[in-house]
Amino acid sequence: MGKLLLTGGARLSGTIVSSGSKNGTLAIMAGALLGKGETVLRNVPSIGDVQTMMDMLRALGVKCEEEGNGVVRIDATEIAATEAPYELVKRMRASFCVLGPMLARKGYAKVAMPGGCDIGARPIDFHVKGIQTLGAYVNIDHGFVEAECEALKGTQVYLNFPSAGATQHIMTTACLAEGVTTIHNAAAEPEITQLAAFLTGMGAQIEGAGTSTVRVEGVDELRGVDFEMPPDRMEAGTFAVAAVVTMGDVRIERISEEVVEPFVLKLREVGAVVDISETTMRVRANARPMPTDIMTMPHPGFPTDLQQPFAAMLAIADGTSVITENVYERRFRYVSELARMGAEIKQEGRTAVINGVPKLTGAQTTAYDLRAGAALVCAALAAEGKSEISDIEHIERGYENMVEKLRSLGAQVSNLPNEREKETVCV
Ligand code: EPZ
């Protein structure tokens, strides 16, 4: 697994351009299965998870070509297979969401159950219940979810929790059902609105995306569409934290204001100066951050995917902060690693109490998951001395060209050759 070598202390300054949204892209690629004809996706981030989703589409016999410059062409006119292999679903949970579109197109789908991961059990009960409510017969055994239907029928679906993935999955499945489906207690994340815009471009009839009630009127057929991915709000938030912890001045281009609002307000609470004009966000800081409390919630609450980088920032705040993780059962895998850098964090269940210290020190650390890795990068940028971050594949699956972007802002960061590569060199 790869390593990053990062020397802290540089004040980041300059401009970066946000990449396309990882989470938005993955849901849209699954939704592309609904369309006959060619779909062209633009501004697609070149990251591990997108590669996995492309592998998944190809495994289903769907044409999927990476043209370069962020352009991916998908043609799902023919879906040759209806079974999604375990090794791909295991690699990335989001690939499970090919089940509904396959079912809607072919009347049958068999997809391996996604496993849990470091941040929680990640069950799929809301997804299964939604698809059953639409009229599918679902059988779960031997680690696979098998769904079959004569025809999908529009209906009322109630989500016990506003799950982003379940909302997306039921939305795509309902596009080709007979009649109207209403999803109650739906998630309102920006990625839902983005998916609805994409599906509408394919000819779907969707209202209410971005609210807690989404209405889908089924149509007979959807066609390919040319669609540009929106920017990644989690990348923007992560680089905003990097600017604050290094007391820098960073501009992030290609953002949308209402999407970044939940975390921008928190940045201002810790004392950062954040100016947003059109599609550019400028983040500046010239002192230690002040403490604040964070409670992660479904959108428009504070996003669970940013509490980790924010924890790194609060680790050097001038006071005590409390982070409460309300979305996942365990999302503090970074705590032990920040402690190696001198952070004072006490984590109990879903709560972490952070006593800010004046300075972190560089250390050898390990990225246990995508956002925990992002926290370590932010901490290392602020720390005194050198840090090594191992298992950076976790970071590379969700952040496009992170090293190049950090370097362009003045960070001292480089990829260390893999251990195995070093052995080869020695030999
Ligand atoms: C999406 O995951 C994102 N992933 C996550 O980002 C993000 O943290 C999450 O939404 C919340 O915003 C992608 O879009 C690929 P959920 P998803 O269903 O859809 C429980 C990242 O770092 N739940 O909203 O899987 C679940 O266990 C990733 O980029 C059920 O109980 O999240 C969790 O506690 C991490 N049963 C809560 O709901 C279900 O059937 C929210 O999960 C589904 C979910």
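In this text, all values refer to a predicted model and were calculated from it rather than measured experimentally. All ligand and atom numbering here is 1-based and tracks the order in the structure. Along the sequence shown, residues carry numbers from 1.
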> Quick check: are there more than 12 heavy atoms from other residues, nucleotides or ligands sitting under 6.0 Å from CG of Asn69?
Replying inline: no

>> My understanding is that only one of His299, Arg233, Lys22 makes a side-chain hydrogen bond (donor to acceptor under 3.5 Å, both in side chains) with Glu191; could you say which?
In response: Arg233

>> Is any side-chain heavy atom of Tyr328 closer than 4.5 Å to one of Arg122?
In response: yes

>> I need the contact residues for ligand 1: any residue with a non-hydrogen atom closer than 4.0 Å to the ligand, ordered by chain then number.
In response: Lys22, Asn23, Arg93, Ala94, Ile119, Arg122, Pro123, Ile124, Asp125, Phe126, His127, Phe161, Ser163, Ala164, Gly165, Glu189, Thr304, Asp305, Val327, Tyr328, Arg331, Leu370, Arg371

> Between Leu34 and Arg105, what is the shortest heavy-atom contact and its length?
Replying inline: O-CD, 3.5 Å

> Quick one: are Asn185 and Asn160 in side-chain contact, heavy atoms under 4.5 Å?
Replying inline: no

>> For Ile192, run the side-chain contact (heavy atoms from CB on, under 4.5 Å) check against Ile183, Thr211, Thr167 and tell me which one passes.
In response: Thr167

